[in-house]
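Presented below is the structure to which this report refers.
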Number of protein chains: 2
Amino acid sequence: MDPEKEITIYDIAKKLNISAATVSRGLMDHPSVNINTKQKVVEAAQEMGYRSNHLASNLRKKKSNIIGIIVGNLNSSFMSNVIAGVEKVLSEAGYNLIISQSLDSVAKEVNIAQAMYNNRVDGLMVSLAYETENADHFESFVKRGIPLVYFDRVWPHPKCPGIEIDNVKASYHITDHLIKQGCKRIAHITAFRLSSVAADRYKGYEQALIDNNLRVEEDLILRTQLTLKAGIEAAHTILAMAKRPDGVFVTNDACAVSCMQELKRHGIRIPDDIAFAGFNNDTEASIIEPNLTTVNYKGYDMGEVAAKILINRLNNSENVSPADNKLIQKSELVIRDSSLKKK
Amino acid sequence: MDPEKEITIYDIAKKLNISAATVSRGLMDHPSVNINTKQKVVEAAQEMGYRSNHLASNLRKKKSNIIGIIVGNLNSSFMSNVIAGVEKVLSEAGYNLIISQSLDSVAKEVNIAQAMYNNRVDGLMVSLAYETENADHFESFVKRGIPLVYFDRVWPHPKCPGIEIDNVKASYHITDHLIKQGCKRIAHITAFRLSSVAADRYKGYEQALIDNNLRVEEDLILRTQLTLKAGIEAAHTILAMAKRPDGVFVTNDACAVSCMQELKRHGIRIPDDIAFAGFNNDTEASIIEPNLTTVNYKGYDMGEVAAKILINRLNNSENVSPADNKLIQKSELVIRDSSLKKK
DNA sequence: TTGAAAGCGCTAACAA
DNA sequence: TTGTTAGCGCTTTCAA
């Protein structure tokens, strides 16, 4: 037999002297197909080296069986955990995953959205690019009724669930913890452009200060890129301050860790001179000395939850309870030595 | 206009009073189409909200435009960097990426391979599951002439390029470095089942000992799962040794770091009592104190290279130079404090 | 330069 | 339970 030739259901049909429709039914476990026929079909398919042509069945069914996922950047431990969780759920549900990264550029995000739309993904999961300030480029999906789920960096939309953690609350707690440890002047390293995530964390920080009768000082708000490099620069800014802070709350761990390292290099004692807290509970947080107090939330779980919600929408496109529209994943404060001042 | 209805080339054809074939040509920049016709087509498409149906054109062209990638686990910083590199190259070349993880199980890898085959991916990139001991389940791709490229955990195959680093050489160098620092008894933390990667690193370690007239002692070879937990257990094994090693070379950084932490907790001084070296240059390596000596090689670059090779094969399926069959990515020794004994 | 027509391989309504 | 038939929307030969 020519190994190059693809076997189709017609080949099987001819061989068994039945119709292609029956072969198709046999192959897809159709309820009304004779059990014997089915077995014959499956055996013949196996023997002849048949492989189903998803391209054709997708066209016929007008379903691609593909879910798209758009993220800012794949190479963070948080995001790869999200993807791992998503991939697990989707593959169990029989869907394929197409992944694209916007590299945190809005322009690229728009292009990707268009490409995914043309590729006819059955559903879409999005964590917005850092820069993104509106979600118009995803409206085409909403209009066509293609399920769209946001996670982590979400966009509020009545028809699109958003899975995130309560950033305000978590950052309120961690700031409050620093205050309880005796910090009076707490600096906050945040982002230049306030994404919803950064904005919420800022809000929690601010509220905690206010509730504890501490002043919110503009000088103590450091707006950065939140990169490793930015952490080092922030350290220098802090070192240069006439009146240094006695605590620092950083919007992410990576930046917190690099800032701590640089301060330590300049003789600052942590937590005695300056207490530190981060956000994310990345691996680094439990390696840096002293270990970093942070907020833990699991990317893997978030990915799982987001994917399950999407699958759910895919299965009952109508029955969309508005209740699951905004989903808060739990997060927890992880207290480590970087914030524990000896009393 | 009914927003639910998908516009097809027939709708455009009817509106412009031309044939669907011409519309198709206009849309895809066919050389023999009148420039004016083309413009009219494009305008009408735009105006009517047309989106091309890749499902249909894929079926017709018998090309899915999809590249599959199978990895053991997505959530490592190395692998997410690889994916990031791959995604960049493939998206620039107009391909979509479908990602699956075998979770290092052979059974799952076999299933995924089958699914990708049925999904008619145009090409496949594979980093083998940890357990995998043969690559028969990928033979169907080879037989059909579907380009297959291995990376990192490769399988030697005359028709499938493998992109990897020279693990033997790198681990030889790092072991030699430990010896030059004065280590006489160097333990090696490796894997239970020797994947090609672990086996090669073991080989380099062994050769370096032999070349320096040191004995290879079976007691100093610790076979583990290479996880964080395994690192802690290895630390206890080392602590319990009658005659402890004065150096440890671990097959990956994560395990090295957790082992170091545990040893430090038990009062071992690094590098004075025991010098350490890892492999991968993960973030943790430059956070742990003392910073970990390791081997650096970039996942992002490896992903880029592997994807480019695949694209290349896709474009000239015949013209496959055997020269690019085994590709060695460069790697470099990164010497840090964990291995520098004061003389 | 354009059109007519066939068909990629499958599924689903309908009929038998 | 099975077969007939008609497409899904596109691309591509062939002829005009």
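Remember, predicted model here, so these are calculated numbers, not experimental data. In what follows, chains are A, B, ... by sequence order, proteins preceding strands, each numbered from 1.
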List the residues meeting ring pair (Phe, Tyr, Trp, His ring centres under 6.0 Å) with F151(A), not counting sequence neighbours, and say none if there are none. none
Check: S64(B) side chain, R120(B) main-chain N or O, donor-acceptor pair, under 3.5 Å: yes
Between L55(B) and H30(B), which has a closest nucleotide on DNA chain D that is more 5'? L55(B)
Select base, sugar-phosphate, or nothing to describe what T8(B) touches, counting heavy atoms under 4.0 Å on all strands. sugar-phosphate
Closest of dG9(C), dG9(D), dT2(D) to the A56(A) side chain is dG9(C)
List the atom of F138(B), the atom of A113(B), and the distance in Å for their closest heavy-atom pair. CE2-CB, 3.6 Å
Let's see if you can work this out: which of dC10(D), dT2(C), dT2(D) has an atom nearest to the side-chain heavy atoms of N34(B)? dT2(C)
Flag, side chain of T132(B) to backbone of N134(B), donor-acceptor distance under 3.5 Å: no
Reckon T37(A) has a side-chain N or O less than 4.0 Å from the OP1 or OP2 of dT2(D)? yes
Using atom CG of N53(A) as one end and atom C1' of dC8(D) as the other, report the distance to the nearest whole Å. 13 Å
Could you list by number each residue of residues 15-26 of chain A showing a heavy-atom separation from DNA chain C of less than 4.0 Å, or answer none if no residue does? A21(A), S24(A), R25(A)
Is it the case that over 12 heavy atoms from other parts of the model lie below 6.0 angstrom from the NZ atom of K14(A)? no
Measure the distance from CG on D11(A) to C1' on dC10(C) and round it to the nearest whole Å. 13 Å
Say whether, by atom type as modelled, one donor and one acceptor occur between the side chain of S91(B) and the main chain of E87(B) under 3.5 angstrom. yes
Between dT12(D) (P) and K62(B) (NZ): distance, integer Å: 12 Å
Sorted by position of nearest nucleotide on DNA chain C, 5' first, the leading residue of R51(A) and Y10(B) is Y10(B)
Answer with base, sugar-phosphate or nothing: what part of the nucleic acid does S32(A) contact at a heavy-atom distance below 4.0 Å? base
